Peer 1: 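Below you'll find the structure I mean.
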Amino acid sequence: MASVWKHPNSPYWTACFTDETGKQVKRSTKLEDRRLAFKAAESFEEAAKKAKGAELTRAAAVKMLNELMERTHGEGLDTRSTREHFTDYVASLEARGTKPGTLKRYEPIFDGFLAHLGEPRSNARIASVSAQEVESFRDAEMKAGKTAGTAGFALKVLNGVFEDARRKAIILSNPVQAVKPLASAMSEERRPFTDAQVKALLTVADTEWQGMILFAYHTGIRLNDAANLSRQNIEGGKLLRFREAKTAHRKQRASERETVVVMASDLRDYIKSLPIPMKKDAPLFPSLHGKKSGSAGGLSNAFARLLDKAGIDREQGEARKGKGRRFSALSFHSLRHTMISRLANSDAPEAVTKAMSGHSTDEAHRRYVHLDTEAQSRVVAKAPRLWRAVA
C-alpha cells in the first residue's frame, strides 16, 4: 500500500509504493503538503499496477497524469488538440496585427498539415505529434510538386506553431526541430543576368519597365520597392534614398532600414528624360505603383513575359507535376544578383557593396556574389611567384 515519508532535511514528501516489478521504491513528489503527496503516491502505485498488467496505454497514462495534476495542483494538463492549437495560434497572430497577406500564405500550410495528419490525429493532443509525421508532411509536399524552398518554408511556419506550444508548456519538445532541413537543389539558385540579356530586356520593355530594370541593375532594388518609388526618393538628382519594405517591419532604427545609393549616369539620364510631374511625391512608375508582385496580373508575371518577349530562357528546368510552383533561375530579383556580382567582380570594397545592397550580414551578402573567372585571375596574378625565385 502506498505511503509517504519525509526526510528531516527536506521540505518535500517522498512517495513509497510498489512498482510494476513488485519492488518497493521511493520517489520524491516535490510536494510540501502531506495530503497532496499521498494522493501522488497512490497515483504512482496505480500506474505501476496498470503497467504490470499491460493496461497502461498512452491514453490511460495521459488520463492518470491529468487526474494527478488536478488532485495536486487544482488544474489538469493542457490536453488541447493539434487542430485547436492551430486555431488559437492563428487567432493570436491576428491579435498581434499580422498582415492578412502573411496569414493567407500560412493558411494552406496549416490546412495541408492537418489534412495530412487526418481527422483522428489532428483531433488528438498536440503533444502526440511526432517528428516522423512532420517529415512525412514535408515529403508529401515535395511529391505534390513543391520546390525544396517551398517545402522548407512550410517547415518554418510549422516550427512557429509548435514553438509557441512549447513556450506555453503544452508540449515538452518541438517535433519540427528534429526534422533535418532539405538542402536547396543547385538548380534552385538565382543567377545574374549578362549585360547582353539586360540590353535585350530594355529593347522590348516600355518606358516604365525600362526604368524598373535600370534601377534594379544599378542599385539592386527589389521588385516592390522599385515599383513604389516616387520623386521624393530621388535626392538632388544624384542619390536614391529608400527604405526596404522587406525590413520595414523589424524593430530597427530608421537609419538602419534606409538604403542610400549614388545613382549611375544611366539612372540620372533616365530621370531627366521623364516629364516633370505637378506633385513632388508623384510615383516614378504610375502604372506599376502599388501593384503586388504575386498573382496572375502581378509584377513578377509581367516581368516573366518580358523575359519571354526578349527570348531569354528563364531556365526553369524540368516541369513538376502537381500544383507546385516552378522555380525560375532568372527573374527580376536576378538583377539584384547582377548588380552585387558586378561590383564584386570589379574589385569594389566589400563594405561599399554591402552598403549599396543594404545587406547587414556577411552571410546574406555572400548569397548574392557570383564571382567570374576574370575576377579570380586578377587576384591570382597578384600572388608572389615563389617558384621562379627558387628555380
Side-chain angles (χ1 to χ4, degrees), residues 15 17 19-20 27-31 36-37 39-96 98 103 105-141 144 151-181:
F17 61 97
D19 68 8
E20 64 275 10
R27 181 180 301 166
S28 175
T29 64
K30 299 296 181 181
L31 295 169
L36 296 179
K39 289 181 179 180
E42 288 183 321
S43 295
F44 291 155
E45 189 163 80
E46 183 182 354
K49 287 179 181 179
K50 287 185 176 293
K52 183 179 181 180
E55 299 175 16
L56 190 62
T57 62
R58 175 182 288 183
V62 170
K63 181 181 178 182
M64 290 182 64
L65 187 55
N66 185 56
E67 291 174 351
L68 175 61
M69 291 287 290
E70 288 179 342
R71 282 186 286 178
T72 57
H73 295 284
E75 61 179 22
L77 293 170
D78 191 332
T79 57
R80 76 183 68 182
S81 69
T82 303
R83 187 179 297 278
E84 288 172 333
H85 183 72
F86 273 48
T87 301
D88 292 344
Y89 181 74
V90 172
S92 71
L93 292 179
E94 292 174 342
R96 293 201 301 264
T98 302
L103 292 175
R105 290 184 70 194
Y106 289 178
E107 185 179 339
I109 297 173
F110 295 153
D111 292 344
F113 182 70
L114 293 174
H116 181 77
L117 288 179
E119 195 68 24
R121 293 290 297 125
S122 62
N123 289 321
R125 293 175 62 245
I126 188 172
S128 68
V129 176
S130 67
Q132 289 77 14
E133 287 174 314
V134 176
E135 186 172 348
S136 174
F137 168 70
R138 182 204 63 190
D139 294 344
E141 291 285 277
F153 177 72
L155 286 189
K156 182 178 179 180
V157 173
L158 290 178
N159 182 69
V161 185
F162 285 98
E163 193 60 20
D164 177 70
R166 189 194 63 78
R167 285 194 300 267
K168 294 175 179 176
I170 300 171
I171 59 177
L172 295 178
S173 61
N174 180 348
V176 182
Q177 293 290 326
V179 178
K180 186 178 180 180

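Note that this is a predicted model, so its numbers are computed, not measured. Just so you know, residue 1 is the first one in the sequence shown, and it goes up from there.
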Peer 1: Arg121 side chain to Glu133 main-chain N or O, any donor-acceptor pair under 3.5 Å?
Peer 2: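 Looks like no, no N/O pair under 3.5 Å.
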Peer 1: What are the two closest non-hydrogen atoms of Ser81 and Asn123, and how far apart are they?
Peer 2: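 Scanning both residues completely, I find the closest heavy atoms to be CB-O, 3.3 Å.
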Peer 1: Verify side chain to side chain contact (heavy atoms under 4.5 Å, CB included) between Arg27 and Phe17, making sure each step is shown before the conclusion.
Peer 2: CA-CA 8 Å; Arg27 181 180 301 166; Phe17 61 97; 3.9 Å; yes
Peer 1: Going by side-chain hydrogen bond (donor to acceptor under 3.5 Å, both in side chains), name the residues that satisfy it together with Glu135, two or more places apart in sequence or in a different chain.
Peer 2: none
Peer 1: If you look at every heavy atom in Ala15 and Ala41, which pair is closest and at what distance?
Peer 2: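 Result for this residue pair: CB-CB, 3.5 Å.
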Peer 1: What is the minimum heavy-atom distance between Asn159 and Val176, and which atoms define it?
Peer 2: CB-CG1, 3.8 Å
Peer 1: Please round to the nearest 0.5 Å and tell me the distance separating atom CD1 of Ile126 and atom NE2 of His85.
Peer 2: 4.5 Å
Peer 1: To the nearest 0.5 angstrom, please state how far the CG atom of Asp139 sits from the CD atom of Gln132.
Peer 2: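 Asp139 atom CG to Gln132 atom CD measures 11.5 Å (nearest 0.5 Å).
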Peer 1: Of all residues at least two apart in sequence or in a different chain, which pass the salt bridge (charged side-chain N to carboxylate O under 4.0 Å, His left out) check with Arg167?
Peer 2: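 Testing Arg167 for salt bridge (charged side-chain N to carboxylate O under 4.0 Å, His left out), a comparison that skips the adjacent residues, returns Asp164.
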Peer 1: Locate the shortest heavy-atom distance separating Val179 from Ala131; write the atom from each residue and the value.
Peer 2: CG2-O, 3.5 Å
Peer 1: Glu163: what forms a salt bridge (charged side-chain N to carboxylate O under 4.0 Å, His left out) with it, not counting sequence neighbours?
Peer 2: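 For Glu163, the residues satisfying salt bridge (charged side-chain N to carboxylate O under 4.0 Å, His left out) (neighbours in sequence not counted) are Arg166.
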Peer 1: Suppose we screen for side-chain contact (heavy atoms from CB on, under 4.5 Å). Which residues come up paired with Thr98, at least two apart in sequence or across chains?
Peer 2: Leu93, Thr102, Leu103
Peer 1: Say whether, by atom type as modelled, one donor and one acceptor occur between the side chain of Glu45 and the main chain of Glu42 under 3.5 angstrom.
Peer 2: no
Peer 1: I'd like to check the side-chain contact (heavy atoms from CB on, under 4.5 Å) partners of Ser92; sequence neighbours left out, ordered by chain and number.
Peer 2: Tyr89, Arg96
Peer 1: Please table the atom pairs, donor to acceptor, closer than 3.5 Å between any side-chain atom in residues 105-118 and protein atoms at least two apart or in another chain.
Peer 2:
{"residue": "His116", "atom": "NE2", "partner": "Ser136", "partner atom": "OG", "Å": "2.9"}
{"residue": "His116", "atom": "NE2", "partner": "Phe137", "partner atom": "N", "Å": "3.3"}

